[in-house]
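To start, the structure under review is shown below, and the notes come after it.
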Amino acid sequence: MTTFAKIAAVAVAGLLMGTSLASAAGGNNTVNTDILVIKKSAVCTVAGNSEFPDDIVIFNTGNITLKKGTKIKFNVPAAKTKATYVLTMDVKPGNSEYAAGVLKNSVQAGADCKVLAII
């Protein structure tokens, strides 16, 4: 069972237990719309120390840390590169990791880069 699945199972169990207790106590049953949604999300951009780099930067745009070893599948059409990068460190929400030399060809900084999957 993945960490995400464990957290989701605990959240569901807590929600069911809270609802059951409220019903047993004759309390007012209301729906809580402020439930935390755990989200893995990332974006990438072509960047580097020159006008035509072969590097990308991966930004964590989710609300949980992307752990070291997480695989980021990405595509940079202008560089004819569809590949997988393995994070070398934990990347907290709002932070990034610089991935040097991952593109097959150097392209204009800011060229289109898409994260295809987070594994």
Side-chain angles (χ1 to χ4, degrees):
M1 186 181 270
T2 67
T3 301
F4 177 78
K6 289 177 187 175
I7 292 171
V10 169
V12 169
L15 182 61
L16 290 174
M17 190 169 107
T19 303
S20 297
L21 289 174
S23 293
N28 184 8
N29 292 332
T30 59
V31 176
N32 182 359
T33 58
D34 297 328
I35 296 173
L36 173 66
V37 176
I38 298 171
K39 179 179 161 187
K40 282 186 181 180
S41 178
V43 296
C44 59
T45 188
V46 175
N49 295 326
S50 68
E51 186 178 351
F52 295 94
D54 62 352
D55 315 321
I56 64 171
V57 179
I58 299 167
F59 297 93
N60 181 352
T61 56
N63 60 7
I64 61 172
T65 298
L66 298 175
K67 297 292 188 182
K68 176 181 178 179
T70 298
K71 296 176 182 176
I72 308 292
K73 289 189 175 190
F74 68 92
N75 184 27
V76 179
K80 297 181 173 86
T81 303
K82 187 184 264 188
T84 300
Y85 178 77
V86 180
L87 295 178
T88 61
M89 62 184 189
D90 289 351
V91 181
K92 293 181 180 179
N95 291 326
S96 62
E97 180 167 336
Y98 186 82
V102 296
L103 302 179
K104 292 178 184 174
N105 302 298
S106 297
V107 295
Q108 179 76 41
D112 187 38
C113 179
K114 298 256 190 259
V115 171
L116 304 174
I118 302 171
I119 304 168

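Values below: every heavy atom of this structure, side chains too, minus hydrogens, waters and symmetry copies. Throughout, numbering of the chain's residues begins at 1 and tracks the sequence.
Nearest heavy atoms, Ala109 versus Ser50: CB-O, 4.4 Å. The minimum heavy-atom distance linking Lys68 with Asp90 is given by the pair N-OD1, 2.8 Å. Considering every non-hydrogen atom in both Thr81 and Asn105, the closest pair reads OG1-N, 4.4 Å. Contact record, Ser106 with Phe52: CB-O, 3.1 Å, taken as the closest heavy-atom pair. Pro93 and Gly62 get closest at one heavy-atom pair: CB-O, 3.3 Å.
Listed by first and then second residue, the salt bridge (charged side-chain N to carboxylate O under 4.0 Å, His left out) pairs that reach into residues 93-109 come to none, sequence neighbours excluded. Residue pairs satisfying the salt bridge (charged side-chain N to carboxylate O under 4.0 Å, His left out) criterion with at least one member in residues 46-56, sequence neighbours excluded, are absent.
Scored by the side chain to side chain contact (heavy atoms under 4.5 Å, CB included) test, Lys92 finds Thr65, Asn95 as partners (sequence neighbours excluded). Among residues two or more places apart in sequence or in another chain, the side chain to side chain contact (heavy atoms under 4.5 Å, CB included) test is passed with Lys82 by Asn75, Leu116. Residues satisfying the salt bridge (charged side-chain N to carboxylate O under 4.0 Å, His left out) criterion with Lys114, sequence neighbours excluded, are Asp112.
Between the side chain of Asn60 and the backbone N or O of Ile64, at least one donor-acceptor pair lies under 3.5 Å.
Chaining together hydrophobic side chains whose heavy atoms lie under 4.5 Å apart places Val115 alongside Val46, Ile56, Ile58, Leu66, Ile72, Phe74, Val76, Tyr85, Leu87, Met89, Val91, Val102, Leu103, Val107, Ile118.
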